[in-house]
Amino acid sequence: MTGLYEEAVKVMPGGVNSPVRSMAAIGRDPIFIARGEGAELVDTDGKRYVDWVCSWGPLIAGHAHPDVVAAVQEAAALGTSYGAPTEREVVLAREIIDRMPSVEMVRLVNSGTEATMSALRVARAATGRDRIVKFAGHYHGHVDGLLVQAGSGLATAGLPASRGVTPLQAGDTAVASWNDRGSVEALLDDSIAAVICEPLPANMGVVPADGGFLEFLRDATERAGALLILDEVISGFRCQLERPPADLVVMGKIIGGGLPLAAYGGREDLMRLVAPAGDVYQAGTLSGNPVATAAGLATLRLLDGDAYAQIRATSEQLATGLAALDSQISVVWQQGLLTPFFRPTAPRNYDDAKGCEIEVYGGFARGLLERGVYPPASQFEAWFPSLAHTDAHVEQTIEAAKAALSEL
Ligand code: PMP
């Protein structure tokens with residue numbers, strides 16, 4: 001244990017402020033970061049890494065992009081929070097609406113968790129119904145009612161997935177299986193306010209929807225009088241997905257450019273329910289914060305067609321290179337996201353994903369870290385290529401991966 005970690009565990013639970021950073025899932029201590037430069041991280045010992053995590057998604061432009069740094073500095077010098085509206089919030093809201101399908105009106109908040117929690121409140125208010133359907137392996141933040149797991153068989157009421165979540169809260173959520181139409185049909189009755197999903201799930205590793213599954217969700221929710229909520233916290237502004245229209249959309253990460261900012265939005269009639277336009281209460285001292293909106297806008301402005309083409313090419317190059325190393329690994333990739341699954345075929349749902357050789361992934365990840373490559377510290381997280389990653393970063397990663405695999 002390093003001195004810093006020793007001190008950290010005395011003052012913070014597990015020594016970290018979010019569990020995955022502990023690196024427990026890959027069987028090692030956390031790495032404390034001193035700075036980020038483009039696609040690279042430097043730790044407190046001065047060791048340099050190619051960073052494929054990029055803060056778990058916000059840093060599509062890489063660390064400390066000069067445009068983002070300048071925007072943040074300029075905004076901060078004018079005051080870091082006013083608790084009153086600003087022009088930049090309006091500009092960012094318009095930018096989000098222009099770029100994200102199904103979003104006609106938007107409310108800025110501070111985290112994806114807060115955005116999901118608020119979207120569920122709107123869905124319950126709009127439908128007069130209480131219950132939610134989510135999918136096993138999808139993550140929507142640590143909202144109490146969504147920290148649930150499926151019961152045995154096809155239970156209609158979820159069970160708490162964390163201590164501190166009450167059976168009542170968990171019971172308001174039912175858990176379906178991704179890419180399984182029957183599991184959704186069986187749960188959709190007139191108690192369901194909304195079905196929430198990641199349109200491109202990335203929290204069990206990347207497990208895309210089968211062709212037609214998202215459209216099925218759209219039709220099935222409409223038939224049942226329920227809303228469809230797409231959680232685009234990871235996929236939004238990154239993947240340019242084909243997706244059916246949603247009633248509500250949850251966003252985060254990229255729209256804050258690495259500062260705390262997230263949003264929920266959607267159909268105007270639904271968003272008009274939110275206070276003060278309507279009577280669904282939701283508020284925030286730091287919501288629409290001037291520094292965060294500056295970072296978000298500076299990041300979004302970097303994202304044009306050429307930028308997306310570059311991200312796509314980097315993703316494909318890394319995925320293809322990793323896939324060629326070992327036939328027992330299936331690499332699933334989309335524009336801006338990928339996961340090397342340590343199993344011979346790509347998973348279609350959470351049960352499949354859980355069948356990965358998690359210990360082997362842990363050894364692989366530790367081997368990469370030793371060689372100056374920083375992968376997600378869990379089999380069940382996505383890798384995040386950025387605009388800052390170059391061919392040389394990809395080559396260095398594939399060489400390191402080859403060596404790490406040969407040691408397993
Ligand atoms: N939704 C999805 C799809 C996420 O991946 C995350 C976090 N990774 C969240 C919601 C929660 O966001 P936050 O961590 O900002 O609360």
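Just so you know, ligand 1 is whichever comes first in the structure, and atom 1 is the first atom listed for that ligand. These figures come from a predicted structure and were not determined experimentally.
When all heavy atoms of Val109 and Ala263 are compared, the closest pair comes out as CG2-N, 3.9 Å.
Between His389 and Trp52, the ring centre distance stays below 6.0 Å.
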Donor-acceptor pairs under 3.5 angstrom involving side-chain atoms of residues 336-343: please list them, not counting sequence neighbours.
unit_1, atom_1, unit_2, atom_2, d
Thr339, OG1, Val206, N, 2.9
Arg343, NE, Thr345, O, 2.6
Arg343, NH1, Asp352, O, 3.0
Arg343, NH2, Thr345, O, 3.4
Arg343, NH2, Thr345, OG1, 2.9

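In this structure, ligand 1 sits under 4.0 Å from heavy atoms belonging to Ser111, Gly112, Thr113, Tyr139, His140, Gly141, Glu198, Asn203, Asp231, Val233, Ile234, Lys253.
Checked against Glu232 for a salt bridge (Lys or Arg N to Asp or Glu O under 4.0 Å), the options Arg238, Arg243, Lys253 give a single hit: Arg243.
The aromatic rings of Phe213 and Trp178 lie perpendicular to each other, with more than 60° between the two planes, well past the 30° mark.
You'll find the side chain of Leu41 stays beyond 4.5 Å of the side chain of Arg35, heavy atoms only.
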